[in-house]
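Reviewing the structure listed below.
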Amino acid sequence: MPSVLSPNPNDPRVIRTRQLILTAFAEQLNTMDFHAITIRDITRRATINRATFYAHFPDKYALLEAFLSDAFTELVLRKIDDGAALTEETLQKLVFALCDYHESSQHCLKKYDSLALIIEENIKMQLEQLLHRLLAAVSGTAGISTLQTAATYLSWSLYGVTYRWNLDGRHEPPSALSDRLVPLIRSGISLLGSSSGKE
């Protein structure tokens, strides 16, 4: 039997249906705990059948991953030029974007705490990939292992500091947080740039 939807991700019908599913899922997340949400809840809200859902996502965990990835892209990655150098300005934009992300995620997801670990892993993975690309341009003779370690270190540090800022009640503006954090990060990047390249 032929597929109901074209496999072409650029097909307007596929894009529209995917968005219906994501919107329905976001609405469910705002009122229910993720673990209580069923595929039936999502398909009912999106006014689609189960087969259509499964043509887009194998399960609700894949849907959650796509949802978080889209949100991260919208709130963080679109604010950072993919070809940008890892400058103080780029780091400052990352701090601001992550602060925005934490604040809006907490407001958007009613049951934020039940998803905290999944969200954290997703953010750090995407942030690590971005920083790996940015670091590669300024790493000098740093080896692959050193570069990967630096990307992991920076992504977890940026995530952790901005997460803590949000958890503690956002008592200072993101600009003040950035003013304290960026010089610390720049010092580490300077050391990376002068690394010998030994693994």
Side-chain angles (χ1 to χ4, degrees), residues 1-84 90 92-134 151 155-156 158-159 162-163 165-167 170 174:
M1 179 189 249
S3 175
V4 175
L5 294 174
S6 164
N8 179 359
N10 297 319
D11 184 323
R13 293 170 299 165
V14 173
I15 294 168
R16 224 179 359 259
T17 304
R18 183 180 188 276
Q19 193 53 54
L20 273 174
I21 295 169
L22 286 164
T23 300
F25 183 57
E27 290 168 358
Q28 294 288 325
L29 282 175
N30 201 36
T31 58
M32 297 174 68
D33 184 272
F34 168 75
H35 301 292
I37 297 171
T38 64
I39 302 300
R40 186 175 181 194
D41 294 328
I42 298 163
T43 56
R44 240 188 219 167
R45 180 75 62 112
T47 63
I48 60 169
N49 61 39
R50 290 175 74 87
T52 301
F53 175 90
Y54 288 119
H56 287 268
F57 301 101
D59 54 35
K60 72 176 187 177
Y61 292 93
L63 173 58
L64 176 62
E65 190 174 322
F67 174 78
L68 295 175
S69 181
D70 285 1
F72 188 79
T73 296
E74 184 64 37
L75 289 166
V76 178
L77 297 184
R78 287 201 179 149
K79 296 180 181 177
I80 308 297
D81 179 6
D82 214 23
T90 305
Q92 186 178 54
K93 284 181 182 177
L94 269 174
V95 172
F96 291 169
L98 284 166
C99 288
D100 286 347
Y101 183 83
H102 287 302
E103 189 172 4
S104 66
S105 291
Q106 191 166 8
H107 289 186
C108 292
L109 302 178
K110 186 107 177 155
K111 305 294 183 182
Y112 183 81
D113 288 342
S114 74
L115 292 174
L117 291 176
I118 297 170
I119 290 170
E120 179 179 317
E121 278 307 306
N122 186 280
I123 294 171
K124 286 190 290 195
M125 179 191 66
Q126 292 189 72
L127 191 56
E128 186 175 321
Q129 291 168 355
L130 170 65
L131 285 164
H132 193 278
R133 288 195 303 272
L134 295 175
S155 62
W156 287 44
L158 281 166
Y159 176 84
T162 55
Y163 179 80
W165 167 86
N166 186 55
L167 199 63
R170 304 182 295 276

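In summary, Asp11 and Arg18 do not engage in a salt bridge, as defined by a charged side-chain N under 4.0 Å from a carboxylate O.
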Exercise for the section: Start with the C-alpha gap between Ile39 and Tyr54, add the side-chain angles, then the distance that decides, and say whether side chain to side chain contact (heavy atoms under 4.5 Å, CB included) holds. Expected result: CA-CA 9 Å; Ile39 302 300; Tyr54 288 119; 3.6 Å; yes
Handout entry: Step-by-step side chain to side chain contact (heavy atoms under 4.5 Å, CB included) determination, Met125 to Glu121
Key = CA-CA 6 Å; Met125 179 191 66; Glu121 278 307 306; over 6 Å; no
Practice task
I would like to know whether Leu130 and Leu94 meet side chain to side chain contact (heavy atoms under 4.5 Å, CB included); could you show each step before the answer?
Solution key: CA-CA 10 Å; Leu130 170 65; Leu94 269 174; 3.8 Å; yes
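For the residue pair Asp41 and Thr38, a side-chain donor N or O sits within less than 3.5 Å of a side-chain acceptor on the partner.
Side-chain contact between Asn122 and Leu64: absent, with no pair of heavy atoms (C-beta onward) separated by less than 4.5 Å. Residues Leu158 and Leu131 are in side-chain contact: their nearest non-hydrogen atoms beyond the backbone lie under 4.5 Å apart. By the 4.5 Å heavy-atom criterion applied to side chains, Phe53 and Leu63 are counted as neighbours. A heavy-atom distance below 4.5 Å is not found between the side chains of Asp33 and Ile37. Side-chain contact between Arg40 and Arg44 is present, with heavy atoms from C-beta onward closer than 4.5 Å. Contact annotation: the side chain of Leu68 never approaches that of Ile123 to less than 4.5 Å [non-hydrogen atoms, C-beta and beyond]. With a 4.5 Å cut-off on side-chain heavy atoms, Val14 and His56 count as touching. Side-chain contact between Glu65 and Phe57 is absent, with no heavy-atom pair separated by less than 4.5 Å.
For Phe34 and Tyr61, the ring centers sit closer than 6.0 Å to each other.
No side-chain donor-acceptor contact under 3.5 Å links Lys124 to the backbone of Tyr159. Put simply, the side chain of Thr52 never gets that close to the backbone of Ile48: no donor and acceptor are under 3.5 Å apart.
Residues satisfying the ring pair (Phe, Tyr, Trp, His ring centres under 6.0 Å) test with Phe25, not counting sequence neighbours, are Phe67. For Gln19, the side-chain hydrogen bond (donor to acceptor under 3.5 Å, both in side chains) test picks out Thr23, with sequence neighbours left out.
Distance CD/Gln126 to OG/Ser155: 11.5 Å, rounded to 0.5 Å. Annotation: the span from Leu127 atom CG to Leu134 atom CG amounts to 9.5 Å, rounded to 0.5 Å.
Of all heavy-atom pairs spanning Ala151 and Glu128, the tightest one is CB-O, 3.8 Å.
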